[in-house]
Every structure is written in C-alpha cells, then in structure tokens.
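A note on names: the letters A, B, ... follow the listed sequences, proteins ahead of strands, and every chain is numbered from 1. Note that the structure is a prediction, hence the values are computed from the model and not measured.
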There are 2 protein chains.
Amino acid sequence: MRADQALGAKFESWLAMGFDETRCPVRRLLDHVGDRWSMLLLAALAGGPRRFSALARAVPDISKRMLTQTLRTLETDGLVHRDVQPTVPPSVTYSLTPLGVSFAGPLLGLVEWAEANFGAVVAARARMAAAA
Amino acid sequence: MRADQALGAKFESWLAMGFDETRCPVRRLLDHVGDRWSMLLLAALAGGPRRFSALARAVPDISKRMLTQTLRTLETDGLVHRDVQPTVPPSVTYSLTPLGVSFAGPLLGLVEWAEANFGAVVAARARMAAAA
DNA sequence: TTGACATGGTCTCAGATAGAGACCATCAAC
DNA sequence: GTTGATGGTCTCTATCTGAGACCATGTCAA
C-alpha cells in the first residue's frame, strides 16, 4: 500500500473510533515532540551527548529559556537523559535515551524529505506570490 | 549506518557549514509543516479530497481561524490544492498535491513511531512524576 | 412563514506562549 | 580586576492561538 493510502486509512480508523483528541497517541505525542525546537534538539543530540552550552551554540537562535524548557519536556517524556556532575560550577550533559535514539529513524525521514523537496516548496511559494 | 548516526552526521555538517538558520531547508520547512495542525490536516487529506467543513468535523478541536490559516499556508507551500466551485453557497474542496502525497511517507513514519512508543512515553512521564 | 442549519469563511478580544535580555554564584585565566 | 564560562531563573513584552460572534445565501422541516 502507498504511504498516503496507509495514512488515510489510519486517519479514517481514528475517526471511526470517535477518537477523543486527548486519547489519541499521535496527537499527544506530536503535541510534545512536534515543535521546531524539540526536533532540532533531538537531531543535535543524535550525534552524541552534548552539554547545555554546546546545545545553545549548536542552535544559536534558541533562547536559554526555551532550551531549558524543551530539554525538560524531552526528559520527562523519556527521550533525553540529563546527567549532572556535581562539580563547581556544575556541568550538565544531555544525551538521547534508547527511546530517543529510536525516534531518529522517523526524524531522519522527515529531514531527508525536507532536503529533497525544499526546492519544490520554494517554487510553489514563488508561483503563489506571482499569482497574487 | 544507523539512523541516529546519519542524523547526527547531518547535523554536524550543518554546523560545519555555519548554517544560517534562515537558509537551512530543514529549519524553514519545519517552521511551516512542523506544527500540530499542519501534520494533522495532511493526514486527514491523505485519504482523499475533503471539503472545508468535513475537515472541521474530522479535527473537531481546531478553530475555523486556524483551519483557514493552516490550509492557506499548506497551499502556498504547494502541499495542498484548493478548488473552489462557484456554486451558491460556494463549495471548496481541498486535496493533496503530488508534493503533499510525497510527504505522506515521512509523516507515516512519524505516526507509526508515535503509536508504537506512546506507552513508553507515558511510562517515562509516570516515572518522572513519581521521582518528583 | 418562520426558524434551524449548512456553506466557507472573516473579525475581534482575551489568554497563553515565545523571545530578549538582565541576573545569579563560583571559579579560571589574563 | 576584569572577563568569560558554567547552567540556569526571572521578568517584560510581543506574538500567536482559540473562542465565539457575524455574514449572505440557500435548503429543509414544522
């Protein structure tokens, strides 16, 4: 079956089940993982453990506030492990848990699609702008 | 190569290139497509064309405002086609473009991961809540 | 005839959320 | 002594989101 048909069938079955949005696993996961910073940080950590400030340097336009917040969410969701060394000043290292590593597959698919189809999207935007 | 290593390598190469976030295709695409409503609407349309009100019924907790806005963005990005029949009252049908259909693959990967790993995430949250 | 409902939106207002940047304590290097 | 790095927190403001009213027209039922 083609992916779009499979996806459509899945969606239909959710509808048929009368899926309350609070119980739909996909909804509840994407609400957490499906924002720009989560995906970016997971990609950054896919290469290996990093410290807080290294992450801040790797993703320069994230604010410390969002970095802290996003890492905390990823930690409570079990995707990221937070390791504090009680040195002075304390140093904190973040790494992917096995669950986080397992997310790399789907995420890589998304990234590859983005790289392959970015040109098409830019062209579409130009067409729409010209038409308007 | 494992997916996490491949993803890590990609991220490293972006860093090495000194990727301005405004030029990174992945960033620019995820900024548009990586929100909850876009993904959900693309999944809803994967099963075939739908009208505005059918989409509103399929995703009950989206406001009309966000539905309009998200569909417009998906349209300018070339993922969704908008077809207006000049009847009275006008009826508007939305469908995936070929580009939109091609996005179903990566999206399906994400959805399948979510379904498979939702339990693990819930367990992780419970562990963290218990520890706190 | 009158009212309810569907059509595909737009508009406004309040509340949630994100980002910018100051601030903290401590230590090392210059 | 001053600067920078450590990993954050806090506050203020700007932005974004959701709720719900509104529109014009037509169909259907009571």
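Note on B:F118: it clusters hydrophobically with A:M17, by side-chain heavy-atom contacts below 4.5 Å among ILVMFWY residues. Under the 4.5 Å side-chain contact rule for hydrophobic residues, B:L29 and A:M128 do not share a cluster. Hydrophobic clustering, with ILVMFWY side chains joined whenever heavy atoms are under 4.5 angstrom apart, groups A:V84 together with A:L55.
Phosphate proximity of D:dG18 to B:R36: present, with a side-chain N or O under 4.0 Å from OP1 or OP2. Look at B:S53 and you won't find any side-chain N or O under 4.0 angstrom from OP1 or OP2 of C:dA6. Listed pair A:S91 / D:dT6 fails the phosphate criterion, with no side-chain N or O lying under 4.0 Å from OP1 or OP2. Here B:W37 does not reach the OP1 or OP2 of D:dT17: none of its side-chain N or O atoms lies under 4.0 Å away.
Residue B:D31 contributes atom CG, which lies 13 Å from atom P of C:dA18 at whole-angstrom precision. Going from atom CE of A:M66 over to atom P of D:dC12 covers 20 Å, rounded to whole Å. Atom CZ of A:R65 is separated from atom C1' of D:dG7 by 16 Å (rounded to the nearest Å). Between the OH atom of A:Y94 and the P atom of D:dT6 there is a distance of 13 Å, rounded to whole Å. One atom, CD of B:Q85, and another, C1' of C:dA6, lie 16 Å apart when rounded to the nearest Å. Straight-line distance from the CZ atom of A:R51 to the C1' atom of D:dT6: 7 Å, rounded to whole Å. Atom CG in B:D61 sits about 8 Å away from atom P in D:dG18, given to the nearest Å. As rounded to whole Å, 13 Å separates atom C1' of D:dG8 from atom CD1 of A:I62.
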Each nucleotide in nucleotides 22-30 of chain C should get exactly one letter: B, S or -. Can you fill that in based on protein heavy atoms under 4.0 Å?
----SS---
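Using a 4.5 Å heavy-atom cutoff, the side chains of A:V59 and A:W37 are in contact. Between B:L45 and B:R50 there is a side-chain heavy-atom pair separated by less than 4.5 Å.
Side chain of B:R82, nearest nucleotide from D:dG8, D:dG18, C:dG8: C:dG8.
B:T76 places no side-chain N or O within 3.5 Å of a backbone atom of A:A124 that could act as its donor or acceptor partner. Using a distance-only test at 3.5 Å, with no hydrogens or angles considered, a donor-acceptor pair links the side chain of A:Q5 to the main chain of A:R2.
The distance from the NE2 atom of B:H32 to the OG1 atom of B:T70 is 11.5 Å, given to the nearest 0.5 Å.
Non-hydrogen atoms lying under 4.0 Å from DNA chain D are contributed by B:Q69, all within residues 68-78 of chain B.
Residues forming a side-chain hydrogen bond (donor to acceptor under 3.5 Å, both in side chains) with A:S91 (at least two apart in sequence, or on another chain): A:Q85.
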